[in-house]
S.K.: 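Here it is, the structure in full.
Within every chain, numbering begins at 1; the chains are lettered A, B, ... in the order of the sequence lines, protein sequences first and strands thereafter.
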Protein chains: 2
Amino acid sequence: MPEQQAESLRERKKRRTRQSIIDVAHALFHVNDYDTTTVEAIAAGAEVSVRTFFRYFANKEEVALAPLDEMGELTLTALRRRPADEPPLTALRAAVLDAWTIMSPDGESLRHYTDHLLPIGKASALAGAAQNRIVALGDRFALEFVEGDDAGGPQPRTDLHASLAAFAFLAAVQVAVRAWCASDSTDPADLVANALICLDSLVVERNSAHRA
Amino acid sequence: MPEQQAESLRERKKRRTRQSIIDVAHALFHVNDYDTTTVEAIAAGAEVSVRTFFRYFANKEEVALAPLDEMGELTLTALRRRPADEPPLTALRAAVLDAWTIMSPDGESLRHYTDHLLPIGKASALAGAAQNRIVALGDRFALEFVEGDDAGGPQPRTDLHASLAAFAFLAAVQVAVRAWCASDSTDPADLVANALICLDSLVVERNSAHRA
DNA sequence: TTGCCATGTGGCAGTTCGTGCCATATATTC
DNA sequence: GAATATATGGCACGAACTGCCACATGGCAA
């Protein structure tokens, strides 16, 4: 059998356990909220011990933000598929739209993503943790724009510009997401619309509205 | 006595206790690091009970980030002094430079600020909490650009643009701060230089460097 | 001064998150 | 089927908080 399953029984079990924990956790987050849901309850629901829970996830935040991480990976993958000579913001804009729409033709991926967005937006304790992940993601985005240059050493200017593009982009997405969470819409299309407004106005920001 | 002291004895004691906690905490953060410094040790150093510590600060992060909050307030004050017809990013850029330089002629304020920046940058646990404060600050910045308009109701487009300006600005500052923390410089002037690069390139981002 | 009231403080018990350690159970390999 | 590797569970423990109650201290009026 050439196309043997690469996953051993052990790995399959681990994968299922991990997914089970995620599912149970988010189900509980939906009923109660994040803060009042204890790790003990999640572990019990997933039929593992609390100790084992912490072997799969370093902390409670991590399981809550797992979907966000997934979307980050999707976007990073989409970014790497963009032509190498594209300006950073253009590439990032296209990448996130790819990750949100094209990469899930039925829109299920985006729906699955937005379903977990509200609980995150409501739990203020999660906002900080989410920002941590976003910073890490921004650094990886930035790397895409500097690596490949001749010298491997630090290039302050280039690094600054690459980081700036990445984090300005992430700021735009976050503004869109936060506005979407604050609105009473549950339609992912509204989120995309918000994101388009923000991303488009990012590059023409210098001409934007004046103060009140 | 018309110019009587507005502060009662009680308020003076509270202020001193609060400042004492902050000072002791940051001194300890400097010796050990943030994570290994216990609230118990801080409370003991400030000669208050742990219970009282938590009456002054909701959590350990809050005392660590107190200097950051101060600088945020300074910047917000500086922003409000800018002419009302200035474009958002221009006003924000001027405001933060004012807060960092002009508002403390001797540069002591900025030095005092940067002294606390390194410990924050090193403690990853603090990064998330810092982001929380920054988000709150961004919202207040954004309010400066929408309030005063005729209708008090929500104006999605305006809000999006105002928020975007605020958070893109904050992203630029953060990139500058992070780069400064990552470098081995302890000179506040280098931080200002970084910030200038980031803020200036933010408005011309569309013409910036291409991918590797 | 004396007394009353508001408020700041300390101590203690208890909950939750998170970790180190060790014994046990389950998978993999030979 | 034995030897080995790895996953799991249980327990004890530390640290961050919180609620509750008793006490002390400052502010104020008679």
S.K.: Could you pull out all residues at least two apart from B/R133 that satisfy salt bridge (Lys or Arg N to Asp or Glu O under 4.0 Å)?
M.R.: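 Listed in chain order: B/E62, B/D69.
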
S.K.: Which residues pass the ring-ring contact (aromatic ring centres under 6.0 Å, His included) test with A/F57, not counting sequence neighbours?
M.R.: A/F53

S.K.: Got a sec, which residues hit salt bridge (Lys or Arg N to Asp or Glu O under 4.0 Å) with B/D187, two or more places apart in sequence or on another chain?
M.R.: none

S.K.: Can you run down the side chain to side chain donor-acceptor pair (under 3.5 Å) pairs that involve residues 40-51 of chain B, sequence neighbours left out, and say none if there aren't any?
M.R.: B/S49-B/T52

S.K.: Enumerate the residue pairs fulfilling ring-ring contact (aromatic ring centres under 6.0 Å, His included) with a member in residues 118-137 of chain A, sequence neighbours excluded, ordered by first and then second residue.
M.R.: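 The answer is none; no pair qualifies.
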
S.K.: Under 6.0 Å between the ring centres of A/H30 and A/H26?
M.R.: no

S.K.: Please give me the minimum heavy-atom distance between B/F54 and B/N59, naming the atom from each residue.
M.R.: CE2-CA, 4.1 Å

S.K.: For chain B and DNA chain C, what are the first and last nucleotides along the strand, 5' to 3', with at least one atom under 4.0 angstrom from a heavy atom of the protein chain?
M.R.: C/dA6 to C/dC12

S.K.: Could you list the residues that satisfy salt bridge (Lys or Arg N to Asp or Glu O under 4.0 Å) with A/D35, not counting sequence neighbours?
M.R.: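 Partners of A/D35 under the salt bridge (Lys or Arg N to Asp or Glu O under 4.0 Å) test: none.
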
S.K.: With sequence neighbours left out, what residues match A/E70 under salt bridge (Lys or Arg N to Asp or Glu O under 4.0 Å)?
M.R.: none

S.K.: With a 3.5 Å distance limit and no angle check, can you tell me whether B/E11 reaches the backbone of B/S8 through a side-chain donor-acceptor pair?
M.R.: yes

S.K.: Just to be sure I understand the geometry, which residues of residues 29-40 of chain B put a non-hydrogen atom under 4.0 Å away from DNA chain D?
M.R.: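 B/T37, B/T38, B/V39 - these, ordered by number, are the residues of the stretch whose heavy atoms sit under 4.0 Å from the strand.
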
S.K.: Scan residues 50-59 of chain A against DNA chain D and write down, sorted by residue number, each residue with any heavy atom closer than 4.0 Å; if none is found, say none.
M.R.: A/R51, A/T52, A/R55, A/Y56

S.K.: Could you check whether B/D98 pairs with B/R82 (Lys NZ or Arg NE/NH1/NH2 to Asp/Glu carboxylate O, under 4.0 Å)?
M.R.: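 Looking at B/R82 together with B/D98, the answer is yes, because their closest N to O distance falls below 4.0 Å.
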
S.K.: Where do N or O atoms of nucleotides 26-30 of chain D meet protein N or O atoms at under 3.5 Å, pair by pair?
M.R.:
residue : atom : partner : partner atom : Å
D/dG26  : N3   : B/R10   : NH2          : 3.4
D/dG27  : OP1  : B/L9    : N            : 3.0
D/dG27  : OP1  : B/R10   : N            : 3.4

S.K.: Applying ring-ring contact (aromatic ring centres under 6.0 Å, His included), can you list everything that pairs with B/Y34, at least two apart in sequence or on another chain?
M.R.: B/F29

S.K.: D/dA7 phosphate, OP1 or OP2: any side-chain N/O from A/K14 under 4.0 angstrom?
M.R.: yes

